[in-house]
2 protein chains.
Amino acid sequence: MSQAKYKLIADYIRSQINKRKWLEGFKIPSEMELSELFCASRMTARKAVDLLVHEDLLKRAPSIGTFVNPPRAQSSLLEIKNIKDEIIERGHSHDMVVLSKMTLTPNTKVAFELSAFETKVFKIVILHLENDIPIQLEERYVNAELIPNFLEQDFSHITSSEYLMEVAPLSNAKVMIEAIIPSKILKHHLKLDDNTACLKITRTTFSENVPVSLGYLYYPADKYRVTSQLSVN
Amino acid sequence: MSQAKYKLIADYIRSQINKRKWLEGFKIPSEMELSELFCASRMTARKAVDLLVHEDLLKRAPSIGTFVNPPRAQSSLLEIKNIKDEIIERGHSHDMVVLSKMTLTPNTKVAFELSAFETKVFKIVILHLENDIPIQLEERYVNAELIPNFLEQDFSHITSSEYLMEVAPLSNAKVMIEAIIPSKILKHHLKLDDNTACLKITRTTFSENVPVSLGYLYYPADKYRVTSQLSVN
DNA sequence: AAGTGGTCTAGACCACTTG
DNA sequence: AAGTGGTCTAGACCACTTG
C-alpha cells in the first residue's frame, strides 16, 4: 500500500523528533526546504507540518520558523479515550501485562462508588506499556452482577475499556485528578525514582446512569500529563 | 480586521450548526458547492471543512459527503473558575500574599507560550490562602505590551484573573495538569511535608486568540484535586 | 533584500459509492 | 456517468522579522 506524500513527510519529521535528532525548541526545515527535500509542492509539505502542529508536536512562529514542542505524552480530559488508543495515535506500541485478577467483596469506598452493596465485584490490575515503558497502572473494579463475564476476558489483548464499551456502552463518567507520592509498589511497577511524583486519575463510568466500573489510573508524572482546551461560548 | 476566506466559510458552517439549521447527520454542501457559494477555490473550501473536522463538528465520508456530528461531550473542568471564587463558594476566607513582582525578559518557554519574542513580560508570584492555610501558589507571566498596567495593581485585593478579565476578556484557554515532587521553595510556601506531592496546573489564557497570560498554579496534593463530570451527548 | 509562515488559485488525477 | 472526498502541483501575493 502506498502512503500519501504528506504522510511520508510527517513521518520523517516525527521520526527525527522520536529519535531525538530534533530536540525541544529545534527549528525544523522551512516549508520550502521540506518541499525540495521530498520533491513535493510547498502545499504538500505544509500539510505535513499542519498535521504535526495539530498533534502538538510542532509550533509555528510566523516569519520565524516552525519549532519542536516539548515532548511528553498528553491526553485530553475531555475525550473519553483509553490509553491504548492514545498510544496508538502517537504511533507507538502498546502492550499490557495482567498483574492480577480476582473476585472480592468490595470495601466501603468501592461499594459506594459502584452502588455494589449487595454484590461482589471483580478487580483487575493491569500494567500498560508504551514502547515497553510503563505508562499506566490500571486498578479497576467492576460490578460483578452487571458484567458477569468480565474476568474471563483476555486482558492482554482487549483493554478493559474496549470490553466494557462493548457490553455496557458508556453514557457518562466522573473524573478526579490528584497528585500523589507513589507507594513502594507503584514505584516498582511504574519504575519511578524518588524524585518522581505520580498522577492519579479516578474514573467512575456509567452506563445509562448506572455505575459500571471504577478505575484508579496511575501515571508516572514525568511521562504523562493531562491537557485540555477550553473556550468561552 | 479582515478574515481569511476559509475562516468565513467555516464560520458560515458553524453558524448553520449552531442555529440548528443543520442538525446531527445532515449532509453539508460538497466542497465544490461550498467553493462556488463563496467564490473560492476548492482547496480553500476544503480548508474550512478541515478546520471543523478537527473540531469534531463535522465528519467526512469519502465518496459520499461530509456530515454534521453529534454534539460533543462536555466537562466542568471547562469552567474557568478562579481560586478565589472557589474558596468563597465553600464559605471560607480567601487571602492573598504578594511574594514578588517584576519585569523581565522571558525565557524560551514563556516567550513561546505568550508569543512574546519581542517584548518584556511581567511576573508575579502570589500565595493564596484558604482559611489562612496555603492552597495555591500562583506564578503568573503576562505580556507587558498587551497589559501595560498589570504590575501597578494591588494584588492583595484584586486577583490577577479578575484584573485580566476586566482588561482582556478571556476567549479560550489551554490547560495542562501534572503531578510533581515539590521543590524546596514550594514546600516552604505551601507548607508541605516530605510525603505530599504537588499538583501543577499550567494555564495559558487567550483573548481573541492572542495569548495574554501564562500561569503556573501549584496546589498541595493533600488539599486539592480536580474533578470533572463528562457525558456522551 | 531574503526568508518565513499564512492564504489562495485553478487546475489535475485518484478510488470509491451511487443512480 | 456523475458526484464525492483525498491528494497533489506550481505557481502567486501577503505581512512580518531578520541581517
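We name chains A, B, ... by the order of the sequence lines, and we start the count at 1 in each one. The figures that follow rest on heavy atoms only: side chains count, while hydrogens, waters and symmetry mates do not.
Residue B/Pro29 is the one, among B/Pro29 and A/Ala40, whose nearest nucleotide of DNA chain D lies closer to the 5' end (criterion: closest heavy atom).
In this entry the distance linking CG of B/Leu52 with C1' of D/dG5 reads 16 Å, nearest Å. Note: NZ (A/Lys59) to P (C/dG6) measures 11 Å, nearest angstrom. Atom CG of B/Leu51 and atom C1' of C/dC8 are 16 Å apart (whole Å). Going from atom CD1 of A/Ile9 over to atom P of D/dT7 covers 13 Å, rounded to whole Å. What separates CE of A/Met32 from P of D/dA12 is a distance of 12 Å, to the nearest Å. Counting to the nearest Å, the C1' atom of D/dT9 and the CD atom of A/Glu36 are 15 Å from each other. One can place CE of A/Met43 at 10 Å from P of C/dC8, the figure rounded to the nearest angstrom. A straight line from CG of A/Asp50 to P of D/dC8 spans 13 Å, rounded to a whole angstrom.
In this structure, C/dA10 and D/dT9 make a Watson-Crick or G-U wobble pair, each of the two defining distances being under 3.5 angstrom. With a cut-off of 3.5 Å on both Watson-Crick or G-U wobble distances, the partner of C/dA15 is given as D/dT4.
Comparing D/dT4, C/dT4, D/dG6 by their nearest atom to the side chain of A/Glu33 picks out C/dT4. When distances are taken from the side chain of B/Glu31 to each of D/dG6, D/dA10, D/dT4, the shortest belongs to D/dG6.
The phosphate of D/dT4 has neither OP1 nor OP2 within less than 4.0 Å of any side-chain N or O from B/Thr66. Between A/Tyr6 and D/dT7, a side-chain N or O to OP1/OP2 separation shorter than 4.0 Å is present. The phosphate of D/dT4 has OP1 or OP2 within less than 4.0 Å of a side-chain N or O from B/Ser30. Remark: B/Arg42 is not in phosphate contact with C/dG11, judged by side-chain N or O atoms under 4.0 Å from OP1 or OP2. Of the side-chain N and O atoms in B/Arg46, one or more sit less than 4.0 angstrom from OP1 or OP2 of D/dG6. When the side-chain nitrogen and oxygen atoms of A/Lys5 are compared with OP1 and OP2 of D/dT9, one or more of them lie within a distance under 4.0 Å. Note on B/Arg60: a side-chain N or O is less than 4.0 Å away from OP1 or OP2 of D/dG6. Distances shorter than 4.0 Å separate none of the side-chain N or O atoms of B/Ser63 from OP1 or OP2 on C/dA15. OP1 or OP2 of C/dT7 has at least one side-chain nitrogen or oxygen of B/Lys47 nearer than 4.0 Å.
Classified by interplanar angle (parallel below 30°, tilted 30° to 60°, perpendicular above 60°), the ring pair B/His54/A/His54 is parallel. Using bins of under 30°, 30° to 60° and over 60° for the plane-to-plane angle, the ring pair B/Phe117/B/Phe112 lands in the perpendicular bin. Taking the six-membered ring for Trp and thresholds of 30 and 60 degrees, A/Trp22 and A/Tyr12 have ring planes more than 60 degrees apart, a perpendicular arrangement.
The ring of B/Phe150 has its center closer than 6.0 angstrom to the ring center of B/Phe155.
Between B/Arg42 and the options B/Glu36, B/Glu33, B/Glu31, a side-chain hydrogen bond (donor to acceptor under 3.5 Å, both in side chains) holds for only B/Glu31.
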| task | Report the C-alpha distance between B/Glu162 and B/Gln153 in whole Å, list the side-chain angles of each, state the deciding distance to 0.1 Å, and finish with yes or no for side chain to side chain contact (heavy atoms under 4.5 Å, CB included). | result | CA-CA 11 Å; B/Glu162 284 167 347; B/Gln153 307 310 310; over 6 Å; no
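Here B/Lys7 lies in heavy-atom contact (under 4.0 Å) with sugar-phosphate atoms only.
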